[in-house]
Chemist: 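Handing you this structure, nothing more for now.
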Amino acid sequence: MDFALTEDQKMLRDMIQRFSEAQLQASAVADDKLGRLNASTVVKLRELGLLGLADDGGDLGFAAVALYELARHDAATALFVGQHCAASAGIAAAGTDAGATFTVPVFEDLTLEKEAGEILASASTFVVPFLDHANALVFPVRLSGRAALARASSHVLGETQPFRGLGVCAAAFEKGRLGGEVVEIFGDDEAVLVFETWRILTVAAVAAGVARASQEAGTLYASERVQFGKALSEFQATQFKIANMALRADAAWLVLMRAANRTGLNDNNRMVKTASMVAITSALYCSDEALQLHGGYGYTSEYAIERYYRDARALSALA
């Protein structure tokens, strides 16, 4: 299979690289410390059409390139775009109108009840990323033996408790309870499968981007750092590390593109699940090896590898 990018994908890649160099490189560190995405970044993402990657059914290959390139500069921004696209894709597959900015919550204990013809949702604990930039929540549910999607206004959540995780800190995670709130139920098994395909592909693409960013950061530092009169990259042990990082990063990218180009509704997300596993494993490996190449400096916020290391571990919890 030819994994070369199409001309449209190359144009998308180049556009995102320009945007990332102009805005994300400056904002990623500040957003990570602040614990939320910059509002101007979200506006720019919409203007560039990146929040519409799932419109009209979307193109998984196109989306994979976009999320991968975003994640090479800021995993949180890429995750935000992917979360929105997953919700939009599921809504579109169900034949329901979209139009808002969505986020995907994670429920630990979710129950649904019917009361006077309305479906009420109750969750003892839920975690929602990007709540400050969301108009509505979308999540899969199971009713009467069938799968469906649910949508609720973000305003029904009431008071929540912000908390800071290990990585992807600009996701601005909120934690709280949901009790007796009215939700809209729509779609069927196919809509849920589309939703899950985009959600898992997002994790795979973001993790693959973090793997590549870690590999590039480690390689660059090794070429600049001088020890015993020569660059670290000239030592054979370092060359083995760099080669293994490149191997893992390449594998994550290739498996991601195979999944994006060949995934269908009849394979039950097998390929994107494989891509997610390979990409997360690669991100963990590359970020760890690159951090070791940085030595003690890798544990300081002066170098980006510290953020990549944390992001890789946070992404592993989302698979």
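Worth knowing before you read on, the calculation uses all heavy atoms, side chains too, and leaves out hydrogens, waters and symmetry mates.
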Chemist: Please report the interatomic distance CZ(R72) to OH(Y308), rounded to the nearest 0.5 Å.
Modeler: 9.0 Å

Chemist: Ignoring hydrogens and geometry, is there a side-chain-to-backbone donor-acceptor pair from S282 to R248 under 3.5 Å?
Modeler: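 Present.
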
Chemist: Can you tell me if D74 uses its side chain to pair, donor with acceptor, with the backbone of A28 under 3.5 Å?
Modeler: no

Chemist: Check for me, please, whether V272 and L254 land in the same ILVMFWY cluster - side-chain distances under 4.5 Å, paths through other members count.
Modeler: yes

Chemist: With the 4.5 Å side-chain cut-off for hydrophobic clustering, are V29 and L79 part of the same group?
Modeler: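 Shared cluster, no.
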
Chemist: With the side chain counted from C-beta on, respond yes when R313 and D288 share a heavy-atom pair under 4.5 Å apart, and no when they do not.
Modeler: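 In short, these two side chains touch, coming nearer than 4.5 Å.
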
Chemist: May I ask you to check whether R307 and S301 show a side-chain donor-acceptor distance below 3.5 Å?
Modeler: no

Chemist: Are any side-chain N or O atoms of S88 and backbone N or O atoms of H84, one a donor and one an acceptor, separated by less than 3.5 Å?
Modeler: yes

Chemist: Using distance alone, with no hydrogens and no angle criterion, decide if S40 and N38 have a side-chain donor and acceptor under 3.5 Å apart.
Modeler: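 Short answer, yes.
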
Chemist: Provide the closest heavy-atom pair for A259 versus A275 in the form atom of the first, atom of the second, distance.
Modeler: CB-CB, 3.9 Å

Chemist: If you draw a 6.0 Å radius around OH in Y299, do more than 12 non-hydrogen atoms from other residues or ligands fall strictly inside?
Modeler: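 Open.
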
Chemist: Minimum heavy-atom separation for G209 and A71, please, with both atom names.
Modeler: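 Closest approach of G209 to A71, heavy atoms only: CA-CB, 3.9 Å.
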
Chemist: Taking L149 as the starting point, is it possible to reach L193 by hopping between hydrophobic residues whose side chains are less than 4.5 Å apart?
Modeler: no

Chemist: Please give me the minimum heavy-atom distance between S223 and A231, naming the atom from each residue.
Modeler: O-CB, 3.7 Å

Chemist: Under 30°, 30 to 60°, or over 60°: which ring-plane class applies to F228 and F235, parallel, tilted or perpendicular?
Modeler: perpendicular

Chemist: Which residues pass the ring-ring contact (aromatic ring centres under 6.0 Å, His included) test with Y68, not counting sequence neighbours?
Modeler: W253

Chemist: To the nearest 0.5 Å, tell me how far L220 CG sits from L293 CG.
Modeler: 11.5 Å

Chemist: Okay, side chain of Q9, backbone of T6: is any donor-acceptor separation there less than 3.5 Å?
Modeler: yes

Chemist: Do V255 and M277 come within less than 4.5 Å of each other through their side chains, counting heavy atoms only?
Modeler: no

Chemist: Taking the side chain as every heavy atom from C-beta outward, state whether R18 and D14 have any atom pair closer than 4.5 Å.
Modeler: yes

Chemist: Going by heavy atoms in the side chains, are L178 and T160 under 4.5 Å from each other?
Modeler: no

Chemist: Between L284 and Y309, does the side-chain contact (heavy atoms from CB on, under 4.5 Å) criterion hold? Intermediate values first, please.
Modeler: CA-CA 7 Å; L284 291 170; Y309 183 87; over 6 Å; no

Chemist: Could you state the interatomic distance from CG (L291) to SG (C286), rounded to the nearest 0.5 Å?
Modeler: 12.5 Å

Chemist: Between E69 and R13, does any side-chain N to carboxylate O distance fall below 4.0 Å?
Modeler: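 Looking at E69 and R13, the cut-off is not met.
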
Chemist: Only one of T111, V183, V182 passes side chain to side chain contact (heavy atoms under 4.5 Å, CB included) with L120; say which it is.
Modeler: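 Result: among T111, V183, V182, V182 is the only option passing the side chain to side chain contact (heavy atoms under 4.5 Å, CB included) with L120.
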
Chemist: Hey, mind stepping through Y297 and Y221 against side-chain contact (heavy atoms from CB on, under 4.5 Å) and telling me if it holds?
Modeler: CA-CA 10 Å; Y297 290 118; Y221 185 82; 3.3 Å; yes

Chemist: Looking at CD1 of I119 and CD of E184, how far apart are the two atoms once the value is rounded to the nearest 0.5 Å?
Modeler: 10.0 Å

Chemist: How long is the gap from SG on C169 to CG on L34, to the nearest 0.5 Å?
Modeler: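 Rounded to the nearest 0.5 Å, the SG-CG separation comes to 11.0 Å.
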
Chemist: T238 side chain to L232 main-chain N or O, any donor-acceptor pair under 3.5 Å?
Modeler: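 Yes; judged by distance alone, with no hydrogens or angles, the pair exists.
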
Chemist: Return all side-chain donor-acceptor pairs below 3.5 angstrom for residues 121-143, not counting sequence neighbours, or 'none' if the list is empty.
Modeler:
unit_1: D132; atom_1: OD2; unit_2: R36; atom_2: NH1; d: 2.5
unit_1: H133; atom_1: NE2; unit_2: L37; atom_2: O; d: 3.1
unit_1: N135; atom_1: OD1; unit_2: T101; atom_2: N; d: 3.1
unit_1: R142; atom_1: NH1; unit_2: G145; atom_2: O; d: 3.3

Chemist: Does one hydrophobic cluster hold both L51 and I16, with members joined at side-chain heavy-atom distances below 4.5 Å?
Modeler: yes

Chemist: Quick check: closest heavy atoms across C85 and L50, and the distance to 0.1 Å?
Modeler: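 Residues C85 and L50, closest heavy atoms: SG-O, 3.8 Å.
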
Chemist: Minimum heavy-atom separation for A312 to S287, with atom names?
Modeler: CB-OG, 3.7 Å

Chemist: Would the number of heavy atoms belonging to other residues, nucleotides or ligands and lying under 6.0 Å from CD of Q236 be above 12?
Modeler: no

Chemist: Pair K241, Q292 - check side-chain contact (heavy atoms from CB on, under 4.5 Å), show working.
Modeler: CA-CA 10 Å; K241 283 182 178 290; Q292 290 184 45; 3.5 Å; yes

Chemist: Quick check on R177: does its CZ atom have over 12 non-hydrogen neighbours (other residues, nucleotides or ligands) under 6.0 Å away?
Modeler: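 No, because the 6.0 Å sphere around CZ of R177 holds 12 heavy atoms or fewer from other groups.
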
Chemist: Would you call E306-R310 a salt bridge at under 4.0 Å N-O?
Modeler: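 Looking at E306 and R310, the cut-off is met.
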
Chemist: Linking I/L/V/M/F/W/Y whenever any side-chain heavy atoms sit under 4.5 Å apart, do F195 and I185 land together?
Modeler: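 Result: no, two separate clusters.
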
Chemist: Whether the Q23 and T41 side chains hold a donor-acceptor pair (N or O, under 3.5 Å, no angle test) is what I'd like checked.
Modeler: yes

Chemist: Go through it in stages, so that I can follow the logic: the residues are M257 and N261, the test is side-chain contact (heavy atoms from CB on, under 4.5 Å), and I'd like the CA-CA distance, side-chain angles, deciding distance and then a yes or no.
Modeler: CA-CA 6 Å; M257 293 310 294; N261 288 304; 3.9 Å; yes

Chemist: If we ignore hydrogens and angles and just use 3.5 Å, is the side chain of D59 paired with the main-chain N or O of F62 as donor and acceptor?
Modeler: yes

Chemist: Are the side chains of R151 and F186 in contact, using a 4.5 Å heavy-atom criterion?
Modeler: yes

Chemist: Are side-chain heavy atoms of N244 and Y285 found at a separation under 4.5 Å?
Modeler: yes

Chemist: Please answer whether the main-chain N or O of A170 pairs with a side-chain N or O of D32 as donor and acceptor at a distance below 3.5 Å.
Modeler: no

Chemist: Rounded to the nearest 0.5 Å, what separation is found between the NE2 atom of H73 and the CG atom of L24?
Modeler: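 These two atoms lie 7.5 Å from each other.
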
Chemist: Of the non-hydrogen atoms in V168 and A76, which two are nearest, and what is the gap between them?
Modeler: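 Taking V168 first and A76 second, the nearest heavy atoms are CG1-CA, 3.6 Å.
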
